[in-house]
Q: 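To start, I am sharing the structure in question, which I have written as structure tokens.
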Amino acid sequence: MAKRKLAPRPGILDIEPYVPGKSKVDGGGPVTKLSSNENPFGASPKAVAAFKAAADQLSLYPEGSAAALRETIGAFYGLDPMQIVCGAGSDELLGLLAQAYLGPGDEAIYSRHGFLVYPIVIMASGATPVVAQETDLTADVDTILGCVTERTRVVFLANPNNPTGTYLPFEELKRLREGLPEDVVLVIDAAYAEYVLKDDYQPGIALVDATPNTVMTRTFSKIYGLASARVGWAYCRPRSPGC
Ligand SMILES: *Cc1c(COP(=O)(O)O)cnc(C)c1O
């Protein structure tokens, strides 16, 4: 038999490792990585107490479908728990979305200064990342739409974006969705939804409800100061009947 060289799928070795911000300073002391938007206030004392109480159960597998958490998130936001998926941080959910919708030959678009995890999950799925230039460090709907080809399957948009802190008003988000083909998934990464106080901003729940191809991701890492617990969730369309 001809000898084949062991190699991962194309694209894997092209991934540039994610480099987190520095977590040590000269002189020691606790460091809050603002480049990763760690919450300098820490977690709620109630969350800390719950975490300590869970220490007795470390040997048990968690309930895999995160039913209790999905019920609670659903009650808090008025959403159907069946349309919520929890993950080990929203990073895992971004990876799962890429795995589910992308493969070799496909393209996925993100904006020039978009969140660094997008190119990683796109390349890990074997697909090709396509970078849409920004205007004033802000995602540009027309430029993103101009990047769409027959191969486009996913658009990743952080709204608001990390690291630029800029955002698209809901009207622009709707215009983006309307301009995208139906077989393209729009992933609205609303990791910082809680931080926006502008009237023209919406995290994207209404767009998930109104369209068959939009997903919103959220995280407990930033606003709740729970980065170490790795808790993220996605709000998705219900499974269509007959599927
Ligand atoms: C921090 C961050 C995430 C991922 O957070 P998790 O800790 O994996 O939930 C996703 N998107 C953006 C834009 C972020 O800044």
Side-chain angles (χ1 to χ4, degrees), residues 15-23 31-44 47 51 62 66 69-70 72-73 76-77 84-102 108-125 129 131-132 134 137-140 144 154-168 172-173 176 185-196 198 201-205 207-208 214-236:
I15 295 173
E16 289 190 26
Y18 178 81
V19 181
K22 284 188 189 152
S23 48
V31 172
T32 300
K33 250 184 287 172
L34 292 181
S35 60
S36 300
N37 293 309
E38 288 173 344
N39 192 325
F41 300 111
S44 150
F51 193 81
L69 181 58
R70 290 189 297 110
T72 307
I73 293 170
F76 187 80
Y77 290 99
I84 294 172
V85 179
C86 292
S90 48
D91 280 354
E92 183 190 25
L93 297 164
L94 297 170
L96 291 175
L97 282 159
Q99 266 183 46
Y101 290 99
L102 296 173
I109 302 171
Y110 63 96
S111 66
R112 169 82 177 80
H113 300 290
F115 185 44
L116 279 172
V117 164
Y118 307 147
I120 295 176
V121 298
I122 295 166
M123 291 172 78
S125 73
V131 179
E134 300 184 353
L137 296 177
T138 309
D140 185 309
I144 294 173
V154 179
V155 173
F156 289 100
L157 179 79
N159 202 40
N161 185 49
N162 166 17
T164 54
T166 55
Y167 78 102
L168 290 184
E172 280 292 280
L173 208 57
L176 173 60
V185 182
L186 173 61
V187 179
I188 305 167
D189 175 351
Y192 300 100
E194 295 88 353
Y195 294 78
V196 193
K198 302 274 188 171
Y201 174 81
Q202 284 192 36
I205 289 170
L207 210 51
V208 175
T214 307
V215 176
M216 174 195 70
T217 59
R218 302 283 285 266
T219 179
F220 279 48
S221 299
K222 313 290 164 60
I223 191 74
Y224 297 126
L226 288 170
S228 143
R230 311 306 300 128
V231 185
W233 57 282
Y235 180 56
C236 320

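Everything numeric in this text was worked out from a predicted model, so none of it was measured. Whatever order the structure lists ligands and atoms in, that order sets their numbers, starting from 1.
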Q: If you measure from each non-hydrogen atom of Ser90 to ligand 1, which part falls under 4.0 Å: side chain, backbone, both or neither?
A: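 For Ser90, backbone and side-chain atoms both sit under 4.0 Å from ligand 1.
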Q: Relative to the heavy atoms of Ser221, which atoms of ligand 1 are at a distance of less than 4.0 Å?
A: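 Going through ligand 1 atom by atom, the ones under 4.0 Å from Ser221 are 6 (P), 7 (O), 9 (O).
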Q: Check the angle between the aromatic planes of Phe220 and Tyr224 and answer parallel, tilted or perpendicular using the 30° and 60° thresholds.
A: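 Rings of Phe220 and Tyr224: tilted, as their planes differ by 30° to 60°.
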Q: Restricting to non-hydrogen atoms, name the atom on Ile223 and the atom on Asn39 that form the minimum distance, rounded to 0.1 Å.
A: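 In this case the closest contact between Ile223 and Asn39 is O-ND2, 3.1 Å.
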Q: Tell me whether Arg218 has any N or O atom under 3.5 angstrom from an N or O of ligand 1.
A: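 N/O-N/O distance below 3.5 Å does not exist for this pair.
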Q: Identify the closest protein heavy atom to atom 1 (C) of ligand 1: which residue and atom is it, and at what distance?
A: Lys222 NZ, 1.4 Å
Q: In Å, rounded to the nearest 0.5 Å, how long is the span from CZ of Phe156 to CG of Leu186?
A: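 If we round to the nearest 0.5 Å, Phe156:CZ and Leu186:CG are 10.0 Å apart.
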Q: Taking only heavy atoms of Thr219, which atoms of ligand 1 are found under 4.0 Å from at least one of them?
A: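 Within the 4.0 Å cut-off of Thr219, ligand 1 contributes 5 (O), 6 (P), 7 (O), 9 (O).
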Q: From Asn162 CG over to Asp189 CG, what is the distance, rounded to the nearest 0.5 angstrom?
A: 8.5 Å
Q: If you measure from each non-hydrogen atom of Phe220 to ligand 1, which part falls under 4.0 Å: side chain, backbone, both or neither?
A: neither
Q: Rounded at 0.5 Å granularity, tell me how far CG in Asn159 sits from CG in Leu176.
A: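 Here the rounded value is 9.5 Å.
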Q: Going by the atom numbers of ligand 1, which of them fall below 4.0 Å from some non-hydrogen atom of Arg230?
A: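 Numbered from 1, ligand 1 contributes 6 (P), 7 (O), 8 (O).
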Q: May I ask you to identify the nearest protein heavy atom to atom 15 (O) of ligand 1, giving residue, atom name and distance to one decimal place in Å?
A: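 Minimum-distance protein heavy atom for atom 15 (O) of ligand 1 reads Tyr192 OH, 2.5 Å.
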Q: Hey, can you tell me if Tyr201 and Tyr167 have their rings parallel, tilted or perpendicular (30° and 60° cut-offs)?
A: perpendicular
Q: At a non-hydrogen distance cut-off of under 4.0 Å, which region of Asp189 contacts ligand 1 (side chain, backbone, both, or neither)?
A: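 The part of Asp189 near ligand 1 is the side chain, not the backbone.
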Q: Using 0.5 Å steps for rounding, measure from the CD atom of Glu92 to the OG1 atom of Thr219.
A: 12.0 Å
